Amino acid sequence: MSDEAKWYVIHTYSGYENAVKTSIEKFVTGRNMEDKILRMEIPMETVTEVTDSGATKQVERKVFPGYVLIKMVMTDETWHLVRNVRGVTGFVGSANKAIPLTEEEVLAMGMEKHEVVVQYQVGDHVKIVDGPLASFTGVVESIEPEKNRVSVMVSMFGRETPVDLELDQVEVLN
């Protein structure tokens, strides 16, 4: 069942995000629907604010005020449960049809991360396995796992050219 789960966006009254999340969590637990409604998130960011006196302080604030992200299996039952919670104005979508977020949108928001196990290190000879330079080989110049990037020096047309790729676009040459 959880394989069918997708991320949706719930529109709420501004300031009701936490109350909506708490209410839905209580309904899910009370009705044993943990297999249909898996996760809820209110994306937050840490911002440094400067006060009138010139002091700085760290403040958490909502990235999308008035919205709650929910990972769920869309059925009539789950749609009605979420839709009838106090403070919810509806799902983001058209009319009565909620539209799920694409995988790219979910990754861009940092809601889910695909973990890439890097089998190579700086100096290793690698083969590019994806993208326009697939089948080219080169040497790893730098690896930035936090940015999901690897820089590979590739020989093209008799010149050494640095190429910036995603971590999973290259593999070690045997």
Side-chain angles (χ1 to χ4, degrees), residues 1-51 56-120 128-134 143-150 163-171:
M1 200 58 138
S2 64
D3 294 341
E4 300 170 28
K6 292 186 173 25
W7 283 98
Y8 295 91
V9 181
I10 304 169
H11 190 261
T12 68
Y13 294 129
S14 189
Y16 275 72
E17 301 90 353
N18 292 325
V20 164
K21 182 180 177 200
T22 305
S23 295
I24 293 172
E25 286 169 345
K26 285 180 184 172
F27 282 126
V28 167
T29 305
R31 296 180 183 175
N32 292 324
M33 294 176 70
E34 289 90 350
D35 60 330
K36 292 184 181 159
I37 297 180
L38 308 174
R39 264 179 76 191
M40 279 184 293
E41 297 288 334
I42 301 169
M44 303 291 277
E45 65 183 349
T46 305
V47 180
T48 305
E49 288 185 355
V50 180
T51 61
T56 60
K57 64 178 180 173
Q58 299 289 326
V59 178
E60 286 273 310
R61 75 172 177 207
K62 294 176 183 80
V63 178
F64 307 112
Y67 296 94
V68 175
L69 301 171
I70 184 169
K71 185 172 186 175
M72 62 186 262
V73 178
M74 185 61 74
T75 64
D76 287 343
E77 185 182 16
T78 56
W79 186 88
H80 284 288
L81 182 143
V82 172
R83 191 65 189 84
N84 293 319
V85 168
R86 187 167 179 258
V88 172
T89 58
F91 282 95
V92 171
S94 58
N96 287 337
K97 179 152 178 36
I99 298 175
L101 294 172
T102 64
E103 193 165 326
E104 291 79 27
E105 291 168 329
V106 172
L107 290 172
M109 285 189 227
M111 301 306 298
E112 291 184 352
K113 293 185 176 22
H114 290 289
E115 194 167 311
V116 177
V117 179
V118 179
Q119 301 286 337
Y120 49 85
I128 301 172
V129 295
D130 185 31
L133 300 176
I143 301 172
E144 296 180 78
E146 65 283 346
K147 293 182 179 175
N148 192 35
R149 306 307 286 172
V150 59
V163 179
D164 192 35
L165 301 161
E166 292 185 5
L167 293 175
D168 60 353
Q169 287 184 290
V170 299
E171 62 183 32

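Count residues from 1 along the sequence. Please read all numbers here as calculations on a predicted model, not as lab measurements.
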Original post:
Can you pull the ring pair (Phe, Tyr, Trp, His ring centres under 6.0 Å) pairs that have at least one residue in residues 16-43, sequence neighbours excluded?
Top reply: Tyr13-Tyr16

Original post:
When rounded to the nearest 0.5 angstrom, what distance separates OG1 in Thr46 from CZ in Arg61?
Top reply: 10.5 Å

**OP:** Identify the two heavy atoms, one from Val118 and one from Leu167, that lie closest to each other, and give their separation to 0.1 Å.
**Re:** CG2-CD1, 3.9 Å

Original post:
So which heavy atom on Pro43 is nearest to which on Leu69, and how close?
Top reply: CG-CD1, 3.5 Å

Original post:
Would you find a donor on one side and an acceptor on the other, under 3.5 Å apart, between the side chain of Arg31 and the backbone of Lys26?
Top reply: no

Original post:
How long is the gap from CD1 on Ile24 to CE on Met72, to the nearest 0.5 Å?
Top reply: 8.5 Å

Original post:
Does the separation of the ring centres of Phe91 and His11 fall below 6.0 angstrom?
Top reply: no

**OP:** Would you please test Ile70 and Ile37 for side chain to side chain contact (heavy atoms under 4.5 Å, CB included) and show each step?
**Re:** CA-CA 8 Å; Ile70 184 169; Ile37 297 180; 3.7 Å; yes

Subject >> Where Glu17 and Pro65 come nearest, the two heavy atoms and their spacing >> reply: OE2-C, 3.5 Å

Original post:
At what distance, to the nearest 0.5 angstrom, does CD of Gln169 lie from CD of Glu171?
Top reply: 12.0 Å

Original post:
Between NZ of Lys62 and OG of Ser14, what distance do you get to the nearest 0.5 Å?
Top reply: 7.5 Å

Subject >> Heavy-atom pair of closest approach, residues Val170 and Val150 >> reply: CG2-CG1, 4.0 Å

Subject >> Nearest heavy-atom neighbours spanning Met74 and Ala98 >> reply: CE-CB, 3.6 Å

Original post:
How long is the gap from CD on Glu166 to CG on Asp130, to the nearest 0.5 Å?
Top reply: 8.0 Å

Original post:
Which value, rounded to the nearest 0.5 Å, describes the distance between Tyr67 atom OH and Thr12 atom OG1?
Top reply: 8.5 Å

Original post:
Would one find more than 12 heavy atoms of other residues, nucleotides or ligands at under 6.0 Å from atom CG of Asn84?
Top reply: yes

Original post:
What pair of heavy atoms forms the shortest contact from Arg86 to Val20, and how long is it?
Top reply: O-CG2, 3.7 Å

Original post:
Are any side-chain N or O atoms of Thr56 and backbone N or O atoms of Thr48, one a donor and one an acceptor, separated by less than 3.5 Å?
Top reply: no

**OP:** Answer whether the closest heavy-atom distance between the side chains of Val28 and Glu34 falls below 4.5 Å.
**Re:** yes

